[in-house]
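Okay, structure first, notes after.
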Amino acid sequence: MMDKSEKIFVAGYRGLVGSALIRRLEAEGFTNLPKRDRSQLDLADEAGVQNFFVQDKPAIVIFAAAKVGGIKANNDFPVEFLLDNLRVQNTVIRAAHESGVRKLLFLGSSCIYPKHAPQPIPETALLTGPLEPTNEAYAIAKIAGIKLCQAYAREYRANFISAMPTNLYGPNDNFDLETSHVLAALLRKAHEAKMRKAREIVVWGSGKPRREFLHVDDVAGACLFLLEKYDSPEIVNVGCGADISIRELAELICDVVGFDGELAWDATKPDGTPRKLLDVTKLNNLGWRPTIPLRDGIVRTYDWFLKNVAR
Ligand code: GDP
């Protein structure tokens, strides 16, 4: 059991996942949560990070600090996605080990799996085939992070575990249309079209790819569950077990937002991987299930968007 006073460092606490983790930890009564934003601690700065770990001595680290983006950002900036993510994760994981943390949870992504992996994708599909080219750089960085955690476990018996969440959404998501993921982008597009009384919204690709979506509050719950119950370096998928097509997602979002116009398809934009549904048998067997159905999660996220982004 985790002590409520145990010091837990959430690297990337302002992001989509990090902020959800902090909300959840605080709600559960955890009181010792050191927060450092980029201006206080640059996670790519080795000396600064080492210094922080030596002085603050966190007992547990949750690694949720990543440069992330949607299909276009990943495709346009492979150098930054590869370099920034490798730099930050190498720095934090190493410093965590050297300062003697009790446990570390590394957050990966479902894009680590081969483009044509069997569906739903079991954890064993890792490194069995070529990756999806639009997010290969990000995926390679995440695979390196998993392997670094496994190496620490093997060589030093470190309790470094890794979770692979599916596509996430929720409060503090990025709603910038160039760099966001699909759910946030379509929420914004549908909202703005409704406000402008426009006839249509533009949706990228063919609408045929299928994706699985999990509310970030569920991911935060799964992370705490794994910190309590799971002590193996073998990766664990975190998803809800169901996927929908991008067309269905667009229709659902328009319905929630109350936009009754048309969908216009921009075929110049990539579809990316055809399907990305995680096999969550392992997590389910450990005893964890999500709690937020997709429609409810979109309603809550739209509400957050209205209060925080659209004002
Ligand atoms: P992915 O899961 O890594 O492919 O990342 P995204 O969430 O960015 O994209 C998922 C799918 O949604 C892709 O097939 C995109 O082409 C499609 N999509 C449709 N409209 C949009 C949009 O406005 N923004 C983004 N990011 N993706 C969109």
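Each ligand, and each atom within it, is numbered from 1 in the order the structure gives.
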Output the list of atoms in ligand 1 that are nearer than 4.0 Å to some heavy atom of [X], sorted by atom number.
{"X": "A185", "answer": "22 (C), 23 (O), 24 (N)"}
{"X": "H181", "answer": "5 (O), 7 (O), 8 (O), 26 (N)"}
{"X": "I246", "answer": "11 (C), 12 (O), 19 (C)"}
{"X": "G70", "answer": "8 (O)"}
{"X": "D271", "answer": "13 (C), 14 (O)"}
{"X": "V203", "answer": "19 (C), 20 (N)"}
{"X": "P209", "answer": "14 (O)"}
{"X": "K189", "answer": "22 (C), 23 (O)"}

Side-chain donor-acceptor pair present, T301, D173, cut-off under 3.5 Å: no
[X] bridged to [Y] by N-O distance under 4.0 Å:
{"X": "D56", "Y": "K7", "answer": "yes"}
{"X": "R102", "Y": "E6", "answer": "yes"}
{"X": "D303", "Y": "K307", "answer": "yes"}
{"X": "E262", "Y": "R199", "answer": "no"}

Indicate, as side chain, backbone, both or neither, the part of [X] found under 4.0 angstrom from ligand 1 when only non-hydrogen atoms are considered.
{"X": "K276", "answer": "side chain"}
{"X": "R211", "answer": "side chain"}
{"X": "K269", "answer": "neither"}
{"X": "P270", "answer": "backbone"}
{"X": "L177", "answer": "neither"}
{"X": "T273", "answer": "neither"}

So with a 6.0 Å cut-off around [atom1] of [X], is the heavy-atom count from everything else above 12?
{"X": "K208", "atom1": "NZ", "result": "no"}
{"X": "F77", "atom1": "CZ", "result": "no"}
{"X": "D260", "atom1": "CG", "result": "no"}

Residue pair R211 / I246, side-chain heavy-atom distance below 4.5 Å: yes
Q: Return yes when E132 approaches ligand 1 closer than 4.0 angstrom through a heavy atom, no otherwise.
A: no
Notebook entry, point to check: Strictly under 4.0 Å, does any heavy atom of S180 approach an atom of ligand 1?
Noted result: yes
To atom 3 (O) of ligand 1, the nearest of N74, N135, T166, I71 on a heavy-atom basis is N135
*asked:* Is there a continuous path of hydrophobic side-chain contacts, each under 4.5 Å between heavy atoms, that joins F160 to V10?
replied: no
Those residues at least two apart in sequence (or on a different chain) that pass side chain to side chain contact (heavy atoms under 4.5 Å, CB included) with E46 are Q50, T91, R94
Should V182 be counted as touching ligand 1, given the test is an N or O pair under 3.5 Å?
yes
Measuring centre to centre across the rings, with the benzene-like ring taken for any Trp, is Y302 within less than 6.0 Å of H191? yes
Ranked by distance from atom 20 (N) of ligand 1, the top protein heavy atom is W204 N, 2.9 Å
